[in-house]
2 protein chains.
Amino acid sequence: MGLKFQRQFSVPFYESDRFKEMKISNILAIALQVSGEQSVELDRSDVWLWEHYRLFWAVIDYELEIKRLPRFMENITIETEATSYNKFFCYRDFCFLSETGELLLKMTSTWVLMNLESRKVDRVSDEIVAPYASEKITKVLRPHKFSKFVAEETATYPVRFSDLDMNGHVNNAKYYDWAVDMLGLDFLATHTPKHIYIKYNHEVKYGEQAIAELARTEATTLHRINGNSSEIEIEWAKTDDK
Amino acid sequence: MGLKFQRQFSVPFYESDRFKEMKISNILAIALQVSGEQSVELDRSDVWLWEHYRLFWAVIDYELEIKRLPRFMENITIETEATSYNKFFCYRDFCFLSETGELLLKMTSTWVLMNLESRKVDRVSDEIVAPYASEKITKVLRPHKFSKFVAEETATYPVRFSDLDMNGHVNNAKYYDWAVDMLGLDFLATHTPKHIYIKYNHEVKYGEQAIAELARTEATTLHRINGNSSEIEIEWAKTDDK
(Lines give C-alpha, C1' and ligand atoms only; values in the text may rest on other atoms or scores of the structure.)
Protein backbone atom coordinates (compact mmCIF):
# COMPACT_ATOMS: atom_id res chain seq x y z
CA MET A 1 0.00 0.00 0.00
CA GLY A 2 2.68 2.49 1.07
CA LEU A 3 5.73 3.66 -0.88
CA LYS A 4 8.42 1.04 -0.95
CA PHE A 5 12.00 1.88 -0.11
CA GLN A 6 14.92 -0.45 -0.80
CA ARG A 7 18.59 -0.61 -0.04
CA GLN A 8 21.30 -3.13 -0.74
CA PHE A 9 23.29 -4.46 2.16
CA SER A 10 26.15 -6.87 2.62
CA VAL A 11 26.41 -8.57 6.02
CA PRO A 12 29.73 -7.54 7.58
CA PHE A 13 31.97 -9.63 9.83
CA TYR A 14 30.98 -7.80 12.98
CA GLU A 15 27.25 -8.29 12.40
CA SER A 16 27.66 -12.06 11.99
CA ASP A 17 27.24 -14.36 14.95
CA ARG A 18 29.27 -17.37 16.01
CA PHE A 19 27.58 -19.38 13.24
CA LYS A 20 28.11 -16.85 10.45
CA GLU A 21 24.48 -15.83 10.53
CA MET A 22 23.42 -12.21 10.78
CA LYS A 23 22.79 -11.27 14.40
CA ILE A 24 19.13 -10.65 15.17
CA SER A 25 20.13 -7.50 17.06
CA ASN A 26 21.70 -6.20 13.84
CA ILE A 27 18.62 -7.15 11.83
CA LEU A 28 16.58 -4.92 14.16
CA ALA A 29 19.24 -2.19 13.96
CA ILE A 30 19.55 -2.08 10.18
CA ALA A 31 15.76 -2.13 9.81
CA LEU A 32 15.53 0.96 11.99
CA GLN A 33 18.30 2.56 9.94
CA VAL A 34 16.63 1.81 6.60
CA SER A 35 13.29 3.20 7.73
CA GLY A 36 15.17 6.30 8.85
CA GLU A 37 16.71 6.57 5.40
CA GLN A 38 13.28 6.44 3.80
CA SER A 39 12.14 9.20 6.14
CA VAL A 40 15.10 11.36 5.14
CA GLU A 41 14.29 10.77 1.47
CA LEU A 42 10.67 11.80 2.06
CA ASP A 43 11.70 14.91 4.01
CA ARG A 44 10.41 13.45 7.26
CA SER A 45 13.71 12.91 9.03
CA ASP A 46 13.99 12.65 12.80
CA VAL A 47 15.35 16.19 12.78
CA TRP A 48 12.33 17.42 10.82
CA LEU A 49 10.00 15.63 13.22
CA TRP A 50 11.75 17.14 16.17
CA GLU A 51 11.84 20.67 14.78
CA HIS A 52 8.24 20.69 13.60
CA TYR A 53 6.51 18.65 16.26
CA ARG A 54 8.93 17.90 19.14
CA LEU A 55 8.17 14.22 18.54
CA PHE A 56 10.19 11.10 17.91
CA TRP A 57 9.38 7.63 16.61
CA ALA A 58 9.42 4.65 18.92
CA VAL A 59 8.88 1.03 17.94
CA ILE A 60 6.58 -0.75 20.37
CA ASP A 61 6.57 -4.21 18.82
CA TYR A 62 8.21 -6.43 16.24
CA GLU A 63 7.23 -9.74 14.75
CA LEU A 64 9.76 -11.65 12.66
CA GLU A 65 9.10 -14.64 10.48
CA ILE A 66 12.39 -16.17 9.47
CA LYS A 67 12.82 -18.59 6.59
CA ARG A 68 16.61 -18.35 6.65
CA LEU A 69 18.91 -15.85 8.32
CA PRO A 70 21.17 -13.75 6.07
CA ARG A 71 24.75 -15.01 6.20
CA PHE A 72 28.16 -13.36 6.46
CA MET A 73 29.10 -11.51 3.25
CA GLU A 74 25.71 -12.26 1.71
CA ASN A 75 24.36 -9.47 -0.48
CA ILE A 76 20.79 -8.81 0.49
CA THR A 77 18.10 -6.28 -0.25
CA ILE A 78 16.16 -4.72 2.58
CA GLU A 79 12.77 -3.43 1.54
CA THR A 80 10.51 -1.43 3.79
CA GLU A 81 7.05 0.02 3.53
CA ALA A 82 4.83 1.96 5.94
CA THR A 83 1.68 -0.05 5.28
CA SER A 84 -1.04 1.65 7.32
CA TYR A 85 -1.80 3.85 10.30
CA ASN A 86 -4.62 4.74 12.64
CA LYS A 87 -5.05 7.39 15.34
CA PHE A 88 -2.07 6.28 17.42
CA PHE A 89 -0.24 3.49 15.62
CA CYS A 90 1.77 3.23 12.42
CA TYR A 91 2.50 -0.15 10.89
CA ARG A 92 5.64 -0.86 8.89
CA ASP A 93 6.88 -4.00 7.16
CA PHE A 94 10.40 -5.06 6.28
CA CYS A 95 11.41 -7.79 3.85
CA PHE A 96 14.96 -9.11 3.68
CA LEU A 97 15.58 -10.65 0.27
CA SER A 98 18.41 -12.75 -1.10
CA GLU A 99 20.29 -11.79 -4.27
CA THR A 100 17.93 -14.00 -6.26
CA GLY A 101 14.89 -12.32 -4.73
CA GLU A 102 14.06 -15.13 -2.31
CA LEU A 103 12.33 -13.90 0.84
CA LEU A 104 14.65 -14.59 3.78
CA LEU A 105 12.65 -12.97 6.51
CA LYS A 106 9.69 -10.73 7.01
CA MET A 107 9.29 -8.36 9.88
CA THR A 108 6.20 -6.38 10.85
CA SER A 109 6.41 -3.56 13.36
CA THR A 110 4.25 -1.05 15.20
CA TRP A 111 5.39 2.51 15.76
CA VAL A 112 4.16 5.39 17.88
CA LEU A 113 5.02 9.07 17.95
CA MET A 114 6.29 10.08 21.38
CA ASN A 115 6.54 13.51 22.87
CA LEU A 116 10.11 13.96 24.00
CA GLU A 117 9.24 16.01 27.08
CA SER A 118 6.09 14.32 28.35
CA ARG A 119 7.22 10.85 27.19
CA LYS A 120 3.58 10.34 26.17
CA VAL A 121 2.24 8.94 22.94
CA ASP A 122 0.97 11.60 20.54
CA ARG A 123 -1.69 11.39 17.84
CA VAL A 124 -0.54 10.55 14.32
CA SER A 125 -1.15 13.65 12.19
CA ASP A 126 -1.70 13.31 8.46
CA GLU A 127 1.00 15.88 7.67
CA ILE A 128 3.62 13.70 9.25
CA VAL A 129 2.74 10.46 7.51
CA ALA A 130 1.26 11.64 4.19
CA PRO A 131 4.53 11.28 2.21
CA TYR A 132 4.73 7.56 3.00
CA ALA A 133 1.41 6.96 1.19
CA SER A 134 0.30 4.42 3.72
CA GLU A 135 -3.33 3.56 4.21
CA LYS A 136 -5.35 5.34 6.90
CA ILE A 137 -7.36 2.76 8.80
CA THR A 138 -9.65 2.96 11.79
CA LYS A 139 -9.06 -0.39 13.35
CA VAL A 140 -6.20 -1.23 15.66
CA LEU A 141 -4.33 -4.35 14.55
CA ARG A 142 -4.49 -7.04 17.18
CA PRO A 143 -1.12 -7.42 18.89
CA HIS A 144 0.40 -10.79 19.75
CA LYS A 145 -0.83 -12.19 23.07
CA PHE A 146 2.21 -13.11 25.13
CA SER A 147 1.93 -16.21 27.30
CA LYS A 148 2.07 -15.75 31.03
CA PHE A 149 4.78 -17.84 32.63
CA VAL A 150 6.58 -18.61 35.85
CA ALA A 151 10.29 -17.81 35.50
CA GLU A 152 12.62 -20.81 35.56
CA GLU A 153 15.80 -18.75 35.31
CA THR A 154 16.74 -15.12 35.82
CA ALA A 155 19.76 -13.02 34.86
CA THR A 156 20.73 -9.49 35.82
CA TYR A 157 22.24 -6.98 33.41
CA PRO A 158 23.36 -3.53 34.56
CA VAL A 159 22.63 -0.93 31.86
CA ARG A 160 25.94 0.36 30.49
CA PHE A 161 26.98 3.36 28.44
CA SER A 162 27.62 1.15 25.41
CA ASP A 163 24.00 -0.08 25.54
CA LEU A 164 22.65 3.42 24.92
CA ASP A 165 21.75 4.86 21.57
CA MET A 166 21.88 8.52 20.69
CA ASN A 167 18.41 9.15 22.10
CA GLY A 168 19.76 8.14 25.48
CA HIS A 169 17.65 4.97 25.50
CA VAL A 170 18.80 1.42 25.74
CA ASN A 171 18.91 0.37 22.13
CA ASN A 172 15.88 -1.75 21.16
CA ALA A 173 18.09 -4.53 19.90
CA LYS A 174 19.72 -4.95 23.30
CA TYR A 175 16.65 -6.50 24.91
CA TYR A 176 16.82 -9.40 22.49
CA ASP A 177 20.47 -10.05 23.40
CA TRP A 178 19.70 -9.88 27.12
CA ALA A 179 16.98 -12.48 26.62
CA VAL A 180 18.78 -14.83 24.24
CA ASP A 181 22.22 -14.75 25.87
CA MET A 182 20.59 -16.69 28.72
CA LEU A 183 19.97 -19.65 26.42
CA GLY A 184 23.67 -20.38 26.07
CA LEU A 185 25.95 -21.54 23.27
CA ASP A 186 24.90 -25.21 23.28
CA PHE A 187 21.26 -24.39 22.73
CA LEU A 188 22.04 -21.75 20.11
CA ALA A 189 24.32 -24.17 18.23
CA THR A 190 21.40 -26.54 17.69
CA HIS A 191 18.41 -24.21 17.33
CA THR A 192 17.48 -21.49 14.93
CA PRO A 193 14.76 -18.88 15.53
CA LYS A 194 11.77 -19.14 13.19
CA HIS A 195 9.31 -16.76 14.74
CA ILE A 196 10.11 -13.92 17.10
CA TYR A 197 7.71 -11.60 18.92
CA ILE A 198 9.05 -8.59 20.80
CA LYS A 199 6.99 -6.07 22.73
CA TYR A 200 8.36 -2.98 24.41
CA ASN A 201 6.19 -1.60 27.20
CA HIS A 202 8.59 0.46 29.31
CA GLU A 203 12.23 1.25 28.73
CA VAL A 204 15.05 0.37 31.08
CA LYS A 205 17.10 3.44 31.93
CA TYR A 206 20.82 4.09 32.37
CA GLY A 207 21.83 3.39 35.93
CA GLU A 208 19.12 0.73 36.32
CA GLN A 209 19.46 -3.01 36.12
CA ALA A 210 17.62 -5.21 33.66
CA ILE A 211 16.30 -8.40 35.20
CA ALA A 212 15.63 -10.97 32.50
CA GLU A 213 13.35 -13.93 33.18
CA LEU A 214 13.13 -17.08 31.11
CA ALA A 215 10.88 -20.11 30.77
CA ARG A 216 11.10 -22.86 28.17
CA THR A 217 8.38 -24.96 26.60
CA GLU A 218 8.72 -27.66 23.91
CA ALA A 219 9.74 -25.44 20.99
CA THR A 220 9.39 -21.96 22.44
CA THR A 221 11.28 -19.77 24.85
CA LEU A 222 9.45 -17.10 26.82
CA HIS A 223 11.24 -14.01 28.10
CA ARG A 224 10.46 -10.95 30.20
CA ILE A 225 12.65 -7.99 31.12
CA ASN A 226 11.86 -6.12 34.35
CA GLY A 227 8.41 -7.49 35.03
CA ASN A 228 6.69 -6.97 31.72
CA SER A 229 8.67 -3.90 30.62
CA SER A 230 9.61 -6.00 27.60
CA GLU A 231 8.25 -9.35 26.50
CA ILE A 232 9.83 -11.68 23.97
CA GLU A 233 8.66 -15.02 22.60
CA ILE A 234 10.74 -17.11 20.25
CA GLU A 235 9.77 -20.25 18.37
CA TRP A 236 12.82 -22.33 17.54
CA ALA A 237 13.49 -25.06 15.01
CA LYS A 238 15.96 -27.74 15.93
CA THR A 239 18.91 -27.83 13.53
CA ASP A 240 21.98 -29.96 13.05
CA ASP A 241 24.90 -28.76 15.08
CA LYS A 242 25.91 -25.53 13.35
CA MET B 1 54.12 2.20 0.85
CA GLY B 2 51.45 -0.50 0.43
CA LEU B 3 48.43 -0.48 -1.85
CA LYS B 4 45.73 1.82 -0.58
CA PHE B 5 42.13 0.67 -0.33
CA GLN B 6 39.21 3.02 0.27
CA ARG B 7 35.56 2.76 0.98
CA GLN B 8 32.83 5.28 1.66
CA PHE B 9 30.83 4.93 4.82
CA SER B 10 27.93 6.75 6.43
CA VAL B 11 27.66 6.44 10.22
CA PRO B 12 24.33 4.76 11.00
CA PHE B 13 22.08 5.38 13.97
CA TYR B 14 23.05 2.19 15.74
CA GLU B 15 26.77 2.90 15.53
CA SER B 16 26.34 6.32 17.13
CA ASP B 17 26.74 6.78 20.85
CA ARG B 18 24.70 8.81 23.30
CA PHE B 19 26.42 11.96 22.00
CA LYS B 20 25.90 11.24 18.28
CA GLU B 21 29.54 10.31 17.85
CA MET B 22 30.59 7.08 16.19
CA LYS B 23 31.19 4.40 18.82
CA ILE B 24 34.86 3.48 19.20
CA SER B 25 33.86 -0.19 19.15
CA ASN B 26 32.32 0.36 15.71
CA ILE B 27 35.41 2.22 14.52
CA LEU B 28 37.43 -0.89 15.36
CA ALA B 29 34.79 -3.14 13.77
CA ILE B 30 34.50 -1.26 10.48
CA ALA B 31 38.30 -1.05 10.21
CA LEU B 32 38.53 -4.82 10.46
CA GLN B 33 35.78 -5.12 7.87
CA VAL B 34 37.45 -2.74 5.42
CA SER B 35 40.80 -4.53 5.68
CA GLY B 36 38.92 -7.77 5.03
CA GLU B 37 37.39 -6.19 1.91
CA GLN B 38 40.83 -5.26 0.64
CA SER B 39 41.96 -8.84 1.21
CA VAL B 40 39.01 -10.16 -0.79
CA GLU B 41 39.85 -7.75 -3.61
CA LEU B 42 43.47 -8.96 -3.60
CA ASP B 43 42.44 -12.62 -3.55
CA ARG B 44 43.71 -13.07 -0.02
CA SER B 45 40.36 -13.51 1.75
CA ASP B 46 40.05 -15.23 5.10
CA VAL B 47 38.69 -18.25 3.24
CA TRP B 48 41.76 -18.30 0.94
CA LEU B 49 44.05 -18.01 3.95
CA TRP B 50 42.29 -20.83 5.69
CA GLU B 51 42.20 -23.12 2.67
CA HIS B 52 45.83 -22.55 1.68
CA TYR B 53 47.52 -22.18 5.04
CA ARG B 54 45.09 -23.01 7.86
CA LEU B 55 45.83 -19.57 9.25
CA PHE B 56 43.81 -16.57 10.30
CA TRP B 57 44.62 -12.93 10.99
CA ALA B 58 44.57 -11.59 14.52
CA VAL B 59 45.11 -7.98 15.57
CA ILE B 60 47.39 -7.71 18.60
CA ASP B 61 47.41 -3.95 19.08
CA TYR B 62 45.79 -0.72 18.00
CA GLU B 63 46.76 2.89 18.45
CA LEU B 64 44.26 5.61 17.63
CA GLU B 65 44.92 9.30 17.31
CA ILE B 66 41.63 11.13 17.22
CA LYS B 67 41.20 14.70 16.00
CA ARG B 68 37.43 14.46 15.90
CA LEU B 69 35.11 11.47 16.02
CA PRO B 70 32.89 10.84 12.98
CA ARG B 71 29.31 11.86 13.71
CA PHE B 72 25.89 10.31 13.07
CA MET B 73 24.98 10.39 9.34
CA GLU B 74 28.38 11.85 8.45
CA ASN B 75 29.74 10.58 5.15
CA ILE B 76 33.32 9.52 5.67
CA THR B 77 36.02 7.73 3.73
CA ILE B 78 37.95 4.93 5.36
CA GLU B 79 41.34 4.35 3.82
CA THR B 80 43.60 1.48 4.74
CA GLU B 81 47.06 0.35 3.78
CA ALA B 82 49.27 -2.55 4.86
CA THR B 83 52.41 -0.49 5.37
CA SER B 84 55.12 -3.02 6.25
CA TYR B 85 55.86 -6.44 7.67
CA ASN B 86 58.66 -8.44 9.24
CA LYS B 87 59.07 -12.11 10.16
CA PHE B 88 56.07 -12.21 12.50
CA PHE B 89 54.26 -8.89 12.40
CA CYS B 90 52.28 -7.01 9.77
CA TYR B 91 51.54 -3.33 10.21
CA ARG B 92 48.43 -1.67 8.86
CA ASP B 93 47.19 1.92 8.99
CA PHE B 94 43.68 3.29 8.74
CA CYS B 95 42.67 6.88 8.07
CA PHE B 96 39.12 8.10 8.59
CA LEU B 97 38.53 11.19 6.46
CA SER B 98 35.70 13.71 6.36
CA GLU B 99 33.84 14.51 3.14
CA THR B 100 36.22 17.44 2.59
CA GLY B 101 39.25 15.20 3.05
CA GLU B 102 40.05 16.36 6.58
CA LEU B 103 41.77 13.66 8.66
CA LEU B 104 39.42 12.74 11.51
CA LEU B 105 41.40 9.94 13.03
CA LYS B 106 44.36 7.75 12.31
CA MET B 107 44.74 4.23 13.54
CA THR B 108 47.82 2.04 13.37
CA SER B 109 47.60 -1.68 14.06
CA THR B 110 49.76 -4.77 14.35
CA TRP B 111 48.61 -8.12 12.96
CA VAL B 112 49.84 -11.69 13.29
CA LEU B 113 48.98 -14.86 11.44
CA MET B 114 47.67 -17.48 13.83
CA ASN B 115 47.44 -21.19 13.33
CA LEU B 116 43.85 -22.17 14.02
CA GLU B 117 44.71 -25.51 15.61
CA SER B 118 47.84 -24.73 17.59
CA ARG B 119 46.72 -21.16 18.38
CA LYS B 120 50.36 -20.21 17.82
CA VAL B 121 51.71 -17.34 15.79
CA ASP B 122 53.01 -18.38 12.36
CA ARG B 123 55.69 -16.80 10.20
CA VAL B 124 54.57 -14.27 7.62
CA SER B 125 55.19 -15.82 4.20
CA ASP B 126 55.78 -13.59 1.19
CA GLU B 127 53.10 -15.37 -0.84
CA ILE B 128 50.44 -14.32 1.62
CA VAL B 129 51.34 -10.66 1.81
CA ALA B 130 52.86 -9.96 -1.62
CA PRO B 131 49.60 -8.61 -3.16
CA TYR B 132 49.39 -5.83 -0.55
CA ALA B 133 52.73 -4.39 -1.78
CA SER B 134 53.81 -3.52 1.72
CA GLU B 135 57.45 -3.05 2.62
CA LYS B 136 59.44 -5.98 4.02
CA ILE B 137 61.43 -4.75 6.99
CA THR B 138 63.71 -6.50 9.45
CA LYS B 139 63.09 -4.44 12.52
CA VAL B 140 60.21 -4.91 14.93
CA LEU B 141 58.36 -1.66 15.57
CA ARG B 142 58.48 -0.72 19.21
CA PRO B 143 55.10 -1.25 20.83
CA HIS B 144 53.57 1.18 23.30
CA LYS B 145 54.74 0.64 26.87
CA PHE B 146 51.70 0.37 29.10
CA SER B 147 51.95 1.89 32.56
CA LYS B 148 51.76 -0.44 35.50
CA PHE B 149 49.06 0.53 37.95
CA VAL B 150 47.23 -0.46 41.08
CA ALA B 151 43.53 -0.96 40.32
CA GLU B 152 41.19 1.58 41.92
CA GLU B 153 38.02 -0.05 40.62
CA THR B 154 37.08 -3.41 39.16
CA ALA B 155 34.07 -4.70 37.23
CA THR B 156 33.11 -8.21 36.22
CA TYR B 157 31.62 -9.12 32.85
CA PRO B 158 30.51 -12.67 32.03
CA VAL B 159 31.24 -13.48 28.38
CA ARG B 160 27.95 -13.86 26.52
CA PHE B 161 26.95 -15.38 23.21
CA SER B 162 26.32 -11.92 21.76
CA ASP B 163 29.93 -10.95 22.54
CA LEU B 164 31.30 -13.62 20.19
CA ASP B 165 32.24 -13.11 16.58
CA MET B 166 32.12 -15.79 13.93
CA ASN B 167 35.57 -17.07 14.84
CA GLY B 168 34.20 -17.95 18.26
CA HIS B 169 36.30 -15.25 19.92
CA VAL B 170 35.14 -12.35 21.95
CA ASN B 171 35.06 -9.56 19.41
CA ASN B 172 38.08 -7.25 19.72
CA ALA B 173 35.89 -4.22 20.05
CA LYS B 174 34.23 -5.63 23.16
CA TYR B 175 37.28 -5.13 25.37
CA TYR B 176 37.12 -1.41 24.80
CA ASP B 177 33.47 -1.31 25.88
CA TRP B 178 34.21 -3.39 28.99
CA ALA B 179 36.91 -0.90 29.93
CA VAL B 180 35.13 2.34 29.10
CA ASP B 181 31.68 1.44 30.42
CA MET B 182 33.28 1.62 33.88
CA LEU B 183 33.92 5.35 33.46
CA GLY B 184 30.22 6.16 33.51
CA LEU B 185 27.97 8.60 31.71
CA ASP B 186 28.98 11.75 33.62
CA PHE B 187 32.64 11.30 32.75
CA LEU B 188 31.88 10.41 29.12
CA ALA B 189 29.62 13.45 28.76
CA THR B 190 32.52 15.78 29.55
CA HIS B 191 35.52 13.96 28.06
CA THR B 192 36.48 12.85 24.59
CA PRO B 193 39.21 10.32 23.77
CA LYS B 194 42.22 11.75 21.93
CA HIS B 195 44.68 8.90 22.04
CA ILE B 196 43.86 5.24 22.60
CA TYR B 197 46.25 2.32 22.97
CA ILE B 198 44.90 -1.23 23.01
CA LYS B 199 46.97 -4.38 23.37
CA TYR B 200 45.57 -7.91 23.18
CA ASN B 201 47.72 -10.54 24.87
CA HIS B 202 45.32 -13.38 25.58
CA GLU B 203 41.69 -13.75 24.66
CA VAL B 204 38.84 -14.21 27.11
CA LYS B 205 36.79 -17.28 26.21
CA TYR B 206 33.09 -18.05 26.23
CA GLY B 207 32.04 -19.30 29.64
CA GLU B 208 34.74 -17.24 31.35
CA GLN B 209 34.39 -13.93 33.13
CA ALA B 210 36.24 -10.78 32.19
CA ILE B 211 37.52 -8.83 35.17
CA ALA B 212 38.22 -5.25 34.19
CA GLU B 213 40.49 -3.07 36.31
CA LEU B 214 40.71 0.69 36.18
CA ALA B 215 42.95 3.46 37.47
CA ARG B 216 42.76 7.16 36.67
CA THR B 217 45.49 9.78 36.44
CA GLU B 218 45.15 13.46 35.56
CA ALA B 219 44.20 13.08 31.88
CA THR B 220 44.53 9.36 31.32
CA THR B 221 42.60 6.24 32.23
CA LEU B 222 44.43 2.92 32.56
CA HIS B 223 42.64 -0.38 32.03
CA ARG B 224 43.41 -4.08 32.25
CA ILE B 225 41.22 -7.09 31.49
CA ASN B 226 41.99 -10.35 33.30
CA GLY B 227 45.45 -9.57 34.58
CA ASN B 228 47.20 -8.29 31.50
CA SER B 229 45.23 -10.33 28.96
CA SER B 230 44.29 -6.98 27.46
CA GLU B 231 45.64 -3.54 28.28
CA ILE B 232 44.09 -0.23 27.32
CA GLU B 233 45.25 3.34 27.89
CA ILE B 234 43.21 6.35 26.94
CA GLU B 235 44.17 10.01 26.96
CA TRP B 236 41.13 12.22 27.30
CA ALA B 237 40.45 15.85 26.54
CA LYS B 238 37.99 17.69 28.68
CA THR B 239 35.06 18.99 26.65
CA ASP B 240 32.00 21.07 27.32
CA ASP B 241 29.05 19.02 28.41
CA LYS B 242 28.07 17.15 25.25
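Note that these values count all heavy atoms, side chains included, but never hydrogens, waters or copies made by symmetry. Below, chain A is the first sequence line, B the second, and so on; all start at residue 1.
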(request) Work out which heavy atom in B/Q33 is nearest to a heavy atom in A/F13; give both atom names and the distance. (result) OE1-N, 3.0 Å
(message) Using side-chain heavy atoms (C-beta onward) and a distance below 4.5 Å, is B/L32 in contact with A/Y14?
(response) no
(message) Please classify the contact between B/N26 and chain A as side chain, backbone, both or neither, with a heavy-atom cut-off of under 4.5 Å.
(response) side chain
(request) Have a look at A/M166 and tell me which of B/E15, B/K20, B/R18 forms a side-chain contact (heavy atoms from CB on, under 4.5 Å) with it. (result) B/K20
(message) Would you say CE of A/M73 has more than 12 non-hydrogen atoms from neighbouring residues, nucleotides or ligands within 6.0 angstrom?
(response) no
(request) Apply side-chain contact (heavy atoms from CB on, under 4.5 Å) to the pair A/D17 and B/F161, showing each step before the final yes or no. (result) CA-CA 8 Å; A/D17 72 9; B/F161 176 77; 4.0 Å; yes
(message) What part of B/I30 gets within 4.5 angstrom of chain A, counting heavy atoms only: side chain, backbone, both, or neither?
(response) both
(message) Which one wins on heavy-atom pair count under 4.5 Å against chain A: B/P158, B/S10, B/S162?
(response) B/S162
(request) Side chain from CB out, backbone as N, CA, C, O: work out which of these in B/D165 comes under 4.5 Å of a heavy atom of chain A, or both, or neither. (result) both
(request) Could you pull out the closest heavy-atom pair between A/L185 and B/Y206, with the gap in Å? (result) N-OH, 3.0 Å
(request) Could you tell me which portion of B/Y176 (side chain, backbone, both or neither) has an atom closer than 4.5 angstrom to a non-hydrogen atom of chain A? (result) neither
(request) With a 4.5 angstrom heavy-atom cut-off, could you sort out which part of B/V40 is near chain A: side chain, backbone, both or neither? (result) side chain
(message) Is it the case that over 12 heavy atoms from other parts of the model lie below 6.0 angstrom from the NZ atom of B/K106?
(response) no
(message) At a 4.5 Å cut-off on heavy atoms, which part of B/L164 comes close to chain A: side chain, backbone, both, or neither?
(response) both
